[in-house]
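All remarks here apply to the structure that follows.
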Amino acid sequence: MLTDASNIPFDIEFKSTSFSVPVLVITTDDMDVIEQKLQDKVSQAPEFFKNSPLVLDLQEANNQGCLIDFIKLAELIRKVGLFPIGIRGGNEQQNKQALRLQIPVHALSGRDVPLEEKKQKSVSHESEANAVVSSNITASATTLITYPIRSGQRIYAKGDLVVLTQVSAGAEIIAEGNIHVYNTLRGRALAGVRGDVDARIFCFDLQAELISIAGNYKISEDLGDSVKGKPVQIYLQDQALIIKDIELHH
Amino acid sequence: MARIIVVTSGKGGVGKTTTSAAIAMGLAKRGHKTAVIDFDVGLRNLDLIMGCERRVVYDFVNVINEEATLNQALIRDKNCNLLYILPASQTRDKDALSQEGVGRVLDELKKDFKYIVCDSPAGIEKGAHLAMYFADDAFVVTNPEVSSVRDSDRMLGLLASKSRRAEQNEEPINEFLLLTRYSPDRVKLGEMLSVDDVQDILSLHLLGVIPESKSVLNASNSGMPVILDEKSDAGQAYADIVARYLGEDRPHRFIDDKKGFFRKLFGG
């Protein structure tokens, strides 16, 4: 049956978003070594690597004069259970091979790996004999805020969030980990936004518009007078938000 | 070094233009060559408050569009020869302002003036954004009521994130709080937020409190900045603010009717 796309009420939509994808830096053309090293890595964290997409970085290998057949390499990667989804730093032939396998060619950008880290990687390349999985899982570092968070401002922390100043009404602070506010919390605070049910919120003076842990929330109206304006910690217990006084010893 | 002061609030009708006129006049009276710019393109008011509405030939937008020179557009104040006014255009809208154009005009003013006071329009859109973008100091004008305080808080967030100083990672804008239309009687009745309440929410350096006063309306209607009315409470409050801004230590007044109360409050 012929359908005219313009008659279909639903439209497609292009959205731009960015993903965090591990990059495998190849520094040898010895396929056996690569396979062995990869197997070792994957067996260390099978859940993490299961069906993981992977971008293959051949720049280093090509600089060292290694001759890599990309088709064979992609085959090997699939065999280990990973999905090659891109190539970068390849030579003309390797890029052509990649396109034949319908794997996109990515441009090299110096921005994605800090120089310091690059240096470290190249050191570890030697010790780990030529194949290193460099994934860009950032260590969940703590974000420290020392300026007042004003109405309309929004702070997102990948790890824990520590705020030394007040958080105004109409401001929003969001963390994948815990939230500490060593001042008055008047805005919204959302901890464990990626589902961490063990995340907690600590604050010196609770006057929040909304508090949430891993999606379980309470609004200002639900906060009892017994905890308002007090130093408290907030955590999840059996999917219920518990707000508890923090006893301050003087 | 010239300093650019923005008088801003977010909310309308809190006294930005009254404050701009008063502090610009105050700074000029103290011997500093000062220019005051009306950024409220399309809703021109500053010229009325300054009493120079009948002498407007060219305006801010003309200068930005290079249809007039700065010297042609600047109006010298009739009361103080160190004060100049750059009026807004009444026939245009805020889109006539460009960041590049505003920057150019301010750079030119900086060569000749000690203080440049930018009277911001209400809101957080283009006019308000450009008024604060190049600022070194910000006077945040707030009325003692919750919506005005909330809007000021929002504006403080923008000053800290969307200004030139913030974008270029320079030292942040100095932010000062000016509490206007303050009425101690109504605070006592619980109809208004107290100085402490506002300070608690905004945690900002208080430059001064302007009492609710008939003299402000009289001054506006007669086209004389209220600071020239030296007998009025509002005029004296603005004079205090200018002095404090210039680094003088002056005790706060007009926070309570009873004189002893303020000393109790701040331990002075």
Side-chain angles (χ1 to χ4, degrees), chain A residues 111 114-115 141 143-158 161-175 179-190 201-211 219-221 223 225 227-232 248, chain B residues 6 8-12 14 120 122-126 128-129 132-133 135 138-163 165-177 193-194 196-206:
Chain A
R111 284 187 312 154
L115 271 178
T143 307
L144 176 70
I145 305 285
T146 55
Y147 52 86
I149 304 175
R150 302 289 185 182
S151 185
Q153 288 186 314
R154 211 158 178 250
I155 305 287
Y156 188 100
K158 281 204 165 291
L161 178 61
V162 177
V163 183
L164 300 183
T165 44
Q166 61 168 359
V167 179
S168 292
E172 206 167 54
I173 54 174
I174 307 162
I179 292 178
H180 305 252
V181 181
Y182 296 101
N183 211 310
T184 307
L185 170 59
R186 293 195 178 87
R188 299 165 160 235
L190 299 93
I201 298 171
F202 305 85
C203 75
F204 260 26
D205 179 0
L206 179 69
Q207 300 183 32
E209 294 171 326
L210 180 143
I211 47 167
I219 55 171
S220 174
E221 263 186 7
L223 305 177
D225 286 339
V227 292
K228 261 191 191 160
K230 298 231 170 76
V232 296
L248 292 178
Chain B
V6 61
T8 187
S9 70
K11 197 171 165 61
V14 295
S120 172
I124 54 173
E125 285 78 26
K126 194 170 183 185
H129 174 77
M132 66 87 169
Y133 185 77
F139 287 15
V140 179
V141 182
T142 307
N143 285 171
E145 48 103 11
V146 282
S147 60
S148 174
V149 172
R150 170 76 63 91
D151 290 358
S152 292
D153 193 50
R154 176 91 170 100
M155 190 46 82
L156 286 162
L158 296 174
L159 289 169
S161 59
K162 295 274 157 56
S163 60
R165 281 175 174 267
E167 284 179 7
Q168 300 188 356
N169 257 327
E170 288 177 25
E171 211 179 295
I173 296 176
N174 294 316
E175 302 158 343
F176 303 100
L177 175 64
L193 297 176
S194 68
D196 280 359
D197 293 337
V198 178
Q199 285 275 71
D200 189 37
I201 299 171
L202 292 179
S203 52
L204 203 60
H205 179 74
L206 179 71

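We name chains A, B, ... by the order of the sequence lines, and we start the count at 1 in each one.
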Portion of Leu159(B) that has a non-hydrogen atom of chain A nearer than 4.5 angstrom: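 Neither the backbone nor the side chain of Leu159(B) comes within 4.5 Å of chain A.
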Interchain contact, Leu202(B) with chain A, by part (heavy-atom threshold 4.5 Å):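 For Leu202(B), backbone and side chain are both near chain A.
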Interchain donor-acceptor contacts below 3.5 Å (chain A, chain B):
from	atom 1	to	atom 2	distance (Å)
Arg150(A)	NH1	Asp153(B)	OD1	3.0
Arg150(A)	NH1	Leu202(B)	O	2.9
Arg150(A)	NH2	Leu202(B)	O	3.2
Ser151(A)	N	Asp153(B)	OD2	2.7
Gln153(A)	NE2	Gly157(B)	O	3.2
Gln166(A)	NE2	Ile201(B)	O	3.0
Gln166(A)	NE2	Ser203(B)	OG	2.7
Ser168(A)	OG	Asp153(B)	OD1	3.0
Ser168(A)	OG	Asp153(B)	OD2	2.7
Arg186(A)	NH2	Asp200(B)	OD2	3.2

